[in-house]
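Step one of this worksheet: look at the structure below.
Reckoned from all heavy atoms, side chains included, excluding hydrogens, waters and symmetry mates. Order of the sequence lines sets the chain letters (A, B, ...), proteins ahead of strands, with each chain counted from 1.
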Amino acid sequence: MSFKTRVRFAPSPTGSLHIGGAHTALFNWLYARHTGGTFVLRIEDTDKERSTAEYEQSIMDGMRWMGLDWDEGPDKPGEFGPYRQSERMDSYTKYANRLLDAGLAYKDDGAVLFKVPTGKLVTFDDEVYGHIEVLSENASVNQDGTIKDIVILKRDGMPTYNYAVVIDDCTMNINMVIRGEDHIINTPKQLLIYQALGFEAPKFAHLPMILGKDKKKLSKRQGATSVFEYNDLGYLPDGVFNFLALLGWSPKNGQEIFTREEAIKNFDLSSVTKKPAVLDMDKLNHINQEQMKIMDPYKLLEIIKPFWKDLGFDISSYSDDYLAFSLQTMGGRGQTTLQLAEYSDYFISFDAVKERYKADDINEEHRPVLKKFYGELLNAPDFTPEALEAFTKSWVETNESSMKEVALPLRWALTGRKVSPGVFEVAAQLGRDECRRRLAYYDLV
RNA sequence: GGUCCCAUCGUCCAGAGGCCUAGGACACCGCCCUUUCAAGGCGGCGACACGAGUUCGAAUCUCGUUGGGACCGCCA
């Protein structure tokens, strides 16, 4: 018997895709891909006031940015569509009538309410949290503790969340519901509706919350809002992906830096943790850096290009080969794409160097020595890092100089920075002519 | 207040009764390499919330306490 997994990510288009939503979407995606199942994107736009088409678009763009593709959704018709709740009104009224006819629901002020039964023990076995049971009269209560019947159709005719999810998950054949832990408390209410309708409930897997530094639930105001902000801050989709995957989960083999393929292969719902996780930007930085290291240099280049442009650099005269190798030469320095773009600016702009470095630290007594050395260095037969370094080492020895004395000023003249990759690697990448130009500008050759 | 959930280094995770004088990663600190570190190497600091049980033996099981979180909308 073949059983195909069907999971869904069901955001409401009342805001962009934020980090918590991305986390939930990611785990659904991982589960679907790991099991070879189907990942459905359903838009829960029953709040007519706050839902917008722009947010819906933004959420989808955010998911695409993260590399989370869905198999069925508003833009990808499938046999269980439509995929916006606002377009599924027929089923909501149909089942509401069924409940009404059975005497399990009633109308009040134009709304339809589901009558919460008493004395029933509602239980379910969460894939992450284990066995959970709640007395039906405790499933939905007012602030004062009295039973509160569940509104299923609002006065405006739209279904409420707890009702629409049940109808949709059921009619869309969703068999595994993976969502945030904040919904664990809603599950008994939904289960009551499943039972009243005679539906078979899906399995549930709740995910631990992601908390801010203050250990409070991440709100729209707190921390970054949309995942796109992470892009602007310099984070790779792969970095955010890897980082988020590690919040509440870790592969059995202990690997921390992994590709999407590895994550899919190793993903396992049973090893998801229950404890809420605090978002740690330091860790994100580190993972992002590691992801930049293993990323294909030409792909990384395409991501870096816009940052260089934003920084005001014109890179049109450089080949992709030169640019990509320049990034390679950076040797893993920089934690974000933004930093990488900044740190590597001397490969694409001498103006940036000139702005930073005025050569006023050059001791005039030493200038002749430097000129002599750089003059010879520029004429080195082989302009490779190894050859340049070997040449320099022997030169400082025979001329009673030191590496520090000649290499440090060279770094300053070439990069305008105190810190850089090995200066001979930088020189080789810049090329003989460019090195000559820069040294000449500072009157060092 | 009520209901539900959670509880291992500052943070993220390992740990599913003896392998734990609790392991890894990030951060932090120190050392090393080197022409520099924003790269690399090595090391250090640092936790089982508390109390009762159960057991020959508990971070792991049970109960309680404490602490934290979520939810209590005709929002989702």
Side-chain angles (χ1 to χ4, degrees), chain A residues 10-15 44-47 49-51 85 108-113 126 128-130 132-135 137-146 148 150-165 179-189 206 208-209 211 213 215-217 243 246-252 254-257 271 273-287 289-290 293 330-335 339-340 342-343 389 392-393 396 402-412 415 417-424 426:
Chain A
S12 74
T14 54
E44 310 218 325
D45 56 350
T46 54
D47 184 336
E49 302 294 303
R50 296 191 295 153
S51 298
Q85 291 189 326
D108 182 41
D109 281 348
V112 179
L113 286 82
D126 192 277
V128 174
Y129 286 85
I132 290 173
E133 51 181 55
V134 176
L135 233 34
E137 51 263 51
N138 287 334
S140 178
V141 294
N142 291 298
Q143 287 275 10
D144 63 8
T146 56
K148 182 183 173 61
I150 301 168
V151 176
I152 58 175
L153 290 184
K154 306 181 222 174
R155 234 174 318 173
D156 66 3
M158 296 299 267
T160 54
Y161 165 74
N162 280 120
Y163 172 65
V165 212
R179 69 221 319 189
E181 188 250 40
D182 47 343
H183 286 296
I184 227 170
I185 202 116
N186 286 322
T187 310
K189 292 178 206 164
H206 289 89
M209 296 274 87
L211 274 24
K213 261 253 181 281
K215 303 218 173 181
K216 289 266 193 296
K217 183 181 176 181
F243 173 66
L246 250 17
L247 250 31
W249 177 74
S250 64
K252 291 262 195 307
Q255 193 179 350
E256 298 218 340
I257 304 299
S271 49
T273 60
K274 305 176 196 161
K275 202 179 76 170
V278 175
L279 197 80
D280 180 11
M281 293 304 276
D282 285 329
K283 185 92 173 211
L284 206 210
N285 287 333
H286 171 256
I287 289 172
Q289 177 167 34
E290 296 304 314
K293 287 181 191 171
M330 292 307 290
R333 268 157 270 248
Q335 296 196 298
Q339 285 182 336
L340 217 208
E342 284 172 1
Y343 291 171
E389 183 168 357
T392 306
K393 275 187 171 149
V396 298
S402 70
M403 235 6 183
K404 247 190 178 72
E405 195 175 8
V406 299
L408 257 30
L410 180 60
R411 167 173 291 111
W412 276 111
T415 70
R417 291 184 188 279
K418 190 173 63 182
V419 177
S420 83
V423 71
F424 302 112
V426 173

Report yes if a side-chain nitrogen or oxygen of A:Ser420 is closer than 4.0 Å to either non-bridging phosphate oxygen (OP1 or OP2) of B:A38; otherwise report no. no
Under 4.0 angstrom between A:Thr14 side-chain N/O and B:A76 OP1 or OP2: no
Find the distance A:Lys274:NZ to B:C4:C1' and express it as a whole number of Å. 14 Å
Polar pairs (N or O, both sides) under 3.5 Å between protein and nucleotides 66-70 of chain B?
{"unit_1": "B:G69", "atom_1": "OP1", "unit_2": "A:Lys216", "atom_2": "NZ", "d": "2.5"}
{"unit_1": "B:A70", "atom_1": "OP1", "unit_2": "A:Lys217", "atom_2": "N", "d": "3.1"}

Using a 4.0 Å heavy-atom cut-off, does A:Lys148 contact any base of the nucleic acid, only the sugar-phosphate backbone, or nothing at all? sugar-phosphate
Base, sugar-phosphate or nothing for A:Asn186? Non-hydrogen atoms, less than 4.0 Å. base
Just call it for A:Thr392: base, sugar-phosphate, or nothing, with non-hydrogen atoms closer than 4.0 Å on any strand. nothing
With heavy atoms under 4.0 Å as the rule, sort A:Ala277 into base, sugar-phosphate or nothing. sugar-phosphate
Does A:Phe424 reach a base, just sugar-phosphate, or nothing at all? Heavy atoms under 4.0 Å. base
Check ion pair A:Glu256-A:Lys283 (N to O, under 4.0 angstrom): yes
If the cut-off is 4.0 Å, is A:Lys213 near the phosphate of B:U11, judged by side-chain N/O to OP1 or OP2? no
Those residues at least two apart in sequence (or on a different chain) that pass salt bridge (Lys or Arg N to Asp or Glu O under 4.0 Å) with A:Asp282 are none
Give me the distance, rounded to whole Å, that separates B:A14 from B:C75 when you measure between the P atoms they each carry. 38 Å
Looking for any heavy atom pair under 4.0 Å, which part of the strands does A:Glu44 touch: base, sugar-phosphate only, or nothing? sugar-phosphate
Name the nucleic acid region contacted by A:Gly248, choosing base, sugar-phosphate or nothing; use a 4.0 angstrom heavy-atom cut-off, strictly under. sugar-phosphate
B:C50 to B:G10 separation - P atoms, rounded to the nearest Å: 13 Å
Classify A:Gln289 by what it touches in the nucleic acid, base, sugar-phosphate, or nothing, heavy-atom distance under 4.0 Å. sugar-phosphate
Base, sugar-phosphate alone, or nothing: which one does A:Tyr129 contact when heavy atoms must sit under 4.0 Å apart? sugar-phosphate
When you measure from the side chain of A:Gln143, which nucleotide among B:U3, B:G1, B:U36 comes out closest? B:G1
Classify A:Ser51 by what it touches in the nucleic acid, base, sugar-phosphate, or nothing, heavy-atom distance under 4.0 Å. nothing
Using a 4.0 Å heavy-atom cut-off, does A:Val423 contact any base of the nucleic acid, only the sugar-phosphate backbone, or nothing at all? base
Mind checking A:Gly254 for me? I need base, sugar-phosphate or nothing, with any heavy atom below 4.0 Å counting as a touch. nothing
When you measure from the side-chain N and O atoms of A:Lys418 to the phosphate of B:A38, is any distance below 4.0 Å, counting only OP1 and OP2? no
Would you indicate what A:Thr187 reaches in the nucleic acid, counting non-hydrogen atoms under 4.0 angstrom: base, sugar-phosphate, or nothing? nothing
Categorize A:Gly332 for me: base, sugar-phosphate, or nothing, with a 4.0 angstrom heavy-atom threshold over every strand shown. sugar-phosphate
